[in-house]
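Single-structure report; data block below.
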Amino acid sequence: IMDGNGRWAKRRGLPRTAGHTEGEEALARLVRVAVRRNVGWLTVFGFSTENWTRPRAEVRHIVGLHKKLFGRVAELNELNVKVQWMGRPFDTPEARTPKFVQRAIRKAIADTANNTGMVLTVAFDYGSRAEIARAAKHARRASIASASGAVAGAITPHQLGAHLYDPNLPPVDVLVRTSGETRISNFMLWQSAGARVYFTDCSWPDFGAAEIDEAIALARPRSA
Ligand code: FPP
């Protein structure tokens, strides 16, 4: 959870948008470090379903940065990084991802699909409660349709998990939030059930190698 771009900028007498621009660079730098550290999955909260209420110019800037990020395909290919996205599905009435970002997302996913290294998932127009509610609806529908269970419509955690936006994401190992906020704010609530958490006062634009190493140190050792 990349927090503190606005405060980072304010401390420097810069507009909030400058903090987001620097935040995007920080993410690009961090992806490199994460790849070097052999991180398998990195999932970032780029834009929440609540973020649409921010001032229009700021929203436009952050949305533009996402288009730019999804356009950095050459870099991602060089790093063997596979890009994914999660959020409210484009074809649902609530979804708010603009068409030009949808195109950038589809292209980035297609252009990095053959990469075999780290999976970078960007959550955009994402909210965890909406994700879980939708998963419950779809899991229930599937359960009724199959009607082979003891109680048609009853669902297990396993069945619900299979209907999350990206069912292939592994459980969160370490959840990181920057900038002194010790809240989860509707991010991957289901997937973080067993996560260690790393809260740091460091602002997102300053989050670098030393910080990610602290977070990685909390992770369970990966089985060989
Ligand atoms: C929090 O800073 C960050 C966001 C609202 C998300 C946007 C993140 C970026 C632009 C980083 C780059 C990432 C991508 C995927 C392009 P804040 O505005 O909440 O900071 P504040 O709490 O100090 O105001």
Side-chain angles (χ1 to χ4, degrees), residues 1-35 39 41-76 79 81-88 90 96-98 100-109 111-112 118-128 165-166 169 175-188 198-209 211-212 215:
I1 305 172
M2 309 177 286
D3 204 355
N5 295 342
R7 281 164 284 174
W8 181 93
K10 193 163 176 230
R11 282 199 298 277
R12 286 162 176 76
L14 299 169
R16 294 177 56 79
T17 49
H20 297 310
T21 300
E22 190 53 34
E24 200 246 344
E25 287 306 321
L27 177 57
R29 289 193 297 269
L30 193 75
V31 165
R32 277 181 192 277
V33 179
V35 166
V39 169
W41 307 75
L42 178 64
T43 306
V44 294
F45 206 172
F47 201 80
S48 74
T49 49
E50 289 77 35
N51 284 155
W52 295 109
T53 61
R54 291 190 178 209
R56 211 187 319 176
E58 185 177 348
V59 168
R60 199 180 310 130
H61 185 82
I62 298 176
V63 169
L65 284 174
H66 279 79
K67 177 176 184 287
K68 178 165 170 267
L69 176 78
F70 285 110
R72 296 175 83 149
V73 164
E75 256 173 281
L76 297 163
L79 294 166
V81 169
K82 187 198 275 250
V83 175
Q84 303 281 10
W85 160 82
M86 66 174 176
R88 291 186 289 195
F90 302 152
R96 290 195 61 180
T97 302
F100 75 99
V101 180
Q102 294 184 19
R103 280 194 292 275
I105 290 173
R106 287 205 183 92
K107 188 162 192 316
I109 292 173
D111 291 352
T112 63
M118 187 175 83
V119 178
L120 171 66
T121 305
V122 180
F124 182 93
D125 192 30
Y126 174 85
S128 185
Y165 292 146
D166 184 351
L169 278 182
L175 179 81
V176 176
R177 183 165 189 156
T178 58
S179 202
E181 300 296 340
T182 49
R183 294 174 288 129
I184 310 294
S185 301
N186 205 15
F187 188 57
M188 299 187 88
Y198 179 68
F199 294 124
T200 172
D201 288 338
C202 181
S203 295
W204 177 253
D206 293 328
F207 192 92
E211 288 282 337
I212 198 177

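Note that ligands are numbered from 1 as they come in the structure, with each ligand's atoms numbered from 1 the same way.
- Under 4.0 angstrom from ligand 1, the non-hydrogen atoms of Arg54 all belong to its side chain.
- Contact check for Asn51 versus Phe124: no side-chain heavy atoms found under the 4.5 Å cut-off.
- With a 4.0 Å cut-off on non-hydrogen atoms, Asp3 touches ligand 1 through its backbone as well as its side chain.
- For a threshold of 3.5 Å applied to N or O pairs, the pair formed by Arg16 and ligand 1 contains at least one separation below that value.
- In this structure, the protein non-hydrogen atom closest to atom 4 (C) of ligand 1 is Met2 O, 3.9 Å.
- In this structure, atom 7 (C) of ligand 1 lies nearest to the protein heavy atom Gly46 O, 3.3 Å.
- A 4.5 Å side-chain heavy-atom check between Thr121 and Leu169 finds at least one atom pair inside the cut-off.
- At least one donor-acceptor pair closer than 3.5 Å links the side chain of Thr178 to the backbone N or O of Asp3.
- When the shell of 6.0 Å around NZ of Lys68 is examined, it contains more than 12 heavy atoms from other residues, nucleotides or ligands.
- Remark: the backbone N or O of Val83 is paired with a side-chain donor or acceptor of Thr112 at under 3.5 angstrom.
- Residue contact check: His20 has heavy atoms under 4.0 Å from atoms 2 (O), 10 (C), 18 (O) of ligand 1.
- At a 4.0 Å heavy-atom cut-off, ligand 1 does not touch Lys68 at all.
- The backbone N or O of Asn5 sits nowhere less than 3.5 Å from a side-chain atom of Glu22 that would complete a donor-acceptor pair.
- Of the protein's non-hydrogen atoms, the one nearest atom 11 (C) of ligand 1 is Gly23 C, 3.7 Å.
- Considering both main-chain and side-chain atoms, Ile62 never comes within under 3.5 Å of ligand 1 through any nitrogen or oxygen pair.
- Using a 4.0 Å heavy-atom cutoff, Ser179 is absent from the residues neighbouring ligand 1.
- Polar contact with ligand 1: absent for His66 (N/O pair, distance under 3.5 Å).
- Nearest protein heavy-atom contact of atom 2 (O) of ligand 1 is Asn5 N, 3.3 Å.
- Between Tyr126 and Tyr165, the ring planes lie perpendicular to each other; the angle is over 60°, past the 30° to 60° tilted range.
- For Ala123 against Phe187, the heavy-atom pair with the smallest separation is CB-CE1, 3.9 Å.
- The protein non-hydrogen atom at the shortest distance from atom 16 (C) of ligand 1 is Glu24 CG, 3.7 Å.
- Side-chain atoms of Leu30 and Trp204, non-hydrogen and from C-beta on, do get closer than 4.5 Å to each other.
- Under 4.0 Å from ligand 1, the heavy atoms of Leu27 that appear belong solely to its side chain.
- Annotation: side chain of His61 is not in contact with side chain of Arg16 (no heavy-atom distance under 4.5 Å).
- With hydrogens left out, the protein atom closest to atom 22 (O) of ligand 1 is Arg7 NH2, 2.9 Å, a heavy atom.
- Considering backbone and side-chain N/O of Val122, none are found under 3.5 Å from N/O of ligand 1.
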